[in-house]
Each structure stands twice: as structure tokens, then as C-alpha cells.
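The next block holds one structure in the form of C-alpha cells; read it before the comments.
The analysis underlying the following values was restricted to heavy atoms, covering all of them including side chains, and did not include hydrogens, waters or symmetry mates. Position 1 is the first residue of the sequence, and the numbers go up from there.
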Amino acid sequence: MFDEQPPVSRYDEIAAALAAVRGRVDAACRAAGRDPADVVLLPVTKFFPAEDVRILYDLGCREFGESREPEASGKVARLRADAAVVDPIRWHMIGRLQRNKVKTVSRWAQVVHSLDSLRLADALDTAVGAARDAGERENSLDVLLQVSLDTDPARGGVPVDDVAVLAERVAASSNLVLRGVMAVPPLGSDVEVEFARLAEVHAGLLRDHPSATVVSAGMTGDLESAIRHGSTCVRVGTAILGRRPIVSQ
Ligand SMILES: *Cc1c(COP(=O)(O)O)cnc(C)c1O
């Protein structure tokens, strides 16, 4: 009450957190002998308002990860309506994608990180084609195959043994472009082991699909390990924007 500091603005708070995370990414790259330019920092803005996305935009970010509908669609619309936002934004769908959300997601997502089944691939291909026909989007959709690093199907992800077949399906589609792999290590697992496995799966995929260069791996708690194992995209929410409310899923 007597020695209150002036309140830190949300802008300053996010700017400092973003700089700290960039510092972590750079240090992890240096430690791994990698070029920091080869690792994209993708801010994850789920649960946080459009105002925070706008602050990140003002700080130079042009790509964002979202995972929930209709929250994501609403935020995308807010940013599109913002006259001060002139540069194109690349929105990534990083969360579990239900088939009844495919249609709306195909209107705003430039990248989907969570493709994990043939049925979903077909549904996305159809939805992106329809969105293009309707003039709701111009380009094809970049997709990453979410790889299941454990055997729990509830968590999402394609089993390692099914990666090649799913990759072929995407390669043969009209509106999807195969860009790489993504994974979320199971809770309580040894992330070093999991990220090493993902790197192996990625190496196998690259042999048949040389353009599938992206490895989306690493979050607030484990980005250093992911970068050590070849991640090219770290998805960071908490360390940039703070804690989210706890919800299931
Ligand atoms: C929420 C989320 C993140 C961000 O996690 P943090 O631990 O907050 O950095 C990354 N990836 C996926 C798939 C997520 O759903």
C-alpha cells in the first residue's frame, strides 16, 4: 500500500516476455550449433484477447497459433477489421481439430499443425477447395502431420506406423501442401526421448517428401530440448502472455 510501483502496462509486460523468450530461443540455438533464423517463434494466443494479439503485432509478430473455435474465428475477424493492421497475418491452427470445425477453420488458417487422420485430410481438402471456390481464401493450406509419440489415441496424433500413408494422401490432395511434422510430448514423458523419436520420424518422412521441412515442437517448458532435436517452430503461449485458465483438453 505504501510502496506501490506504477502499474506495468500490458504492452511493456508482453514486450519484456517476448524478448525473454527470443533470448531463450537464441541461446538454445547457439548451444545446439544452429542458426536462430532457422527456428520460428510462434506465439500462441489462445485464451487471450484480440488486444494482446494486436500488441504482439505491434511488436513485430506476423504469425499466431490458435486452437479453439469459435474463439479463433472471432479474433481473426477482429484483426482483419483493425485498420492499423496492414501486413498479412499467418494464422496457425495448432489444436485438436474436430471435423465439424473444419469448415470454419479452413477460412482463416494458413497452416494446420494437427492433421492426424485420413478422414480429416479428406475433410480439410474438401473444405479448403470449397473456401477457394467461394472466394473465402486464395491459397492452399499448409499442413503438418501431428505424430503420436505414445499409444494413447485420445491425445491425438497419427501413430508412427501410419505417417507414410497419411503423407501420401496429403501429397495427392488438391488443396493441401505437406510441410512437415508436429508433436506434443505426452504429460510426464521424457521429452528428450520423445523429441529424438520425432526427429527420426521426420527424417523418414523427408526421404519421400523433401519439401516437408518443418518440425513443430517445443512449448514454454521444453523449447530448449526441442531445438536441440531439430525443431524449426516452437509454439509458445504461457511464457509470452501468462497463465491460461485451466480447462480440460
Ligand atoms: C497451448 C498450446 C501450446 C502453448 O503451450 P505453452 O506451454 O503455454 O507454451 C503449444 N502447442 C499446443 C498444441 C497448444 O495447444
Distance-only, no hydrogens or angles: does the [X] side chain make a donor-acceptor pair with backbone N or O of [Y] under 3.5 Å?
X	Y	value
D116	V158	no
S231	A217	yes
Y11	L59	no
R22	L41	no
R30	P36	no
E71	K75	no
R34	I227	yes
R137	A109	yes
T238	R243	no
R10	D52	no

Approximate separation, where rounding is to 0.5 Å, of [X] [atom1] and [Y] [atom2]:
X	Y	atom1	atom2	result
L118	E168	CG	CD	11.0 Å
H202	M182	NE2	CE	14.0 Å
S211	D142	OG	CG	9.5 Å
R68	S73	CZ	OG	12.5 Å

Got [X] and [Y] here, is their nearest side-chain heavy-atom distance under 4.5 Å?
X	Y	value
L120	R99	yes
I55	E51	no
N175	L141	no
H92	R235	no
L241	I14	yes
S216	V111	no
L124	L97	yes
P185	D222	yes

List the atom of [X], the atom of [Y], and the distance in Å for their closest heavy-atom pair.
X	Y	answer
L166	A121	CD1-CB, 4.1 Å
T220	A239	OG1-N, 3.1 Å
V128	S106	CG2-CB, 3.9 Å
L206	A212	CD2-O, 3.4 Å
A167	L178	CB-CD2, 3.8 Å
F195	G218	CZ-N, 3.9 Å

I'd like to know if [Y] and [X] are part of one continuous hydrophobic network [Ile/Leu/Val/Met/Phe/Trp/Tyr, side-chain heavy atoms within less than 4.5 Å].
X	Y	answer
L223	M219	no
L42	V184	no
M93	V214	no
V181	I94	no
V163	V143	yes

- Message: Applying side-chain contact (heavy atoms from CB on, under 4.5 Å) to L145 and V201, what does each step give before you reach the verdict?
- Response: CA-CA 11 Å; L145 308 186; V201 173; over 6 Å; no
- State plainly whether the residues R197 and E194 are in salt-bridge range, i.e. N to O under 4.0 Å. no
- Item | NZ/NE/NH1/NH2 to OD/OE distance under 4.0 Å, R54 and D58 | yes
- Query: Within 45 degrees of the axis of the six-membered ring of F48 and under 6.0 Å from its centre: does R244 put its NZ or CZ there?
  - Reply: no
- Message: Evaluate L198 against H229 for side-chain contact (heavy atoms from CB on, under 4.5 Å), listing each step before the verdict.
- Response: CA-CA 8 Å; L198 180 65; H229 290 286; over 6 Å; no
- Message: Using a 4.5 Å cut-off between side-chain heavy atoms of Ile, Leu, Val, Met, Phe, Trp and Tyr, which other residues end up in the same hydrophobic cluster as V193?
- Response: none
- Query: Among side-chain atoms of Q146 and S114, is any donor-acceptor pair under 3.5 angstrom?
  - Reply: no
- Item | Stepwise side-chain contact (heavy atoms from CB on, under 4.5 Å) test for T45 and E66 | CA-CA 6 Å; T45 48; E66 284 283 338; 2.6 Å; yes
- Report the C-alpha distance between C233 and L144 in whole Å, list the side-chain angles of each, state the deciding distance to 0.1 Å, and finish with yes or no for side-chain contact (heavy atoms from CB on, under 4.5 Å). CA-CA 11 Å; C233 174; L144 307 179; over 6 Å; no
- Quick one: sort the W91 and F64 rings into parallel, tilted or perpendicular, breaks at 30° and 60°. tilted
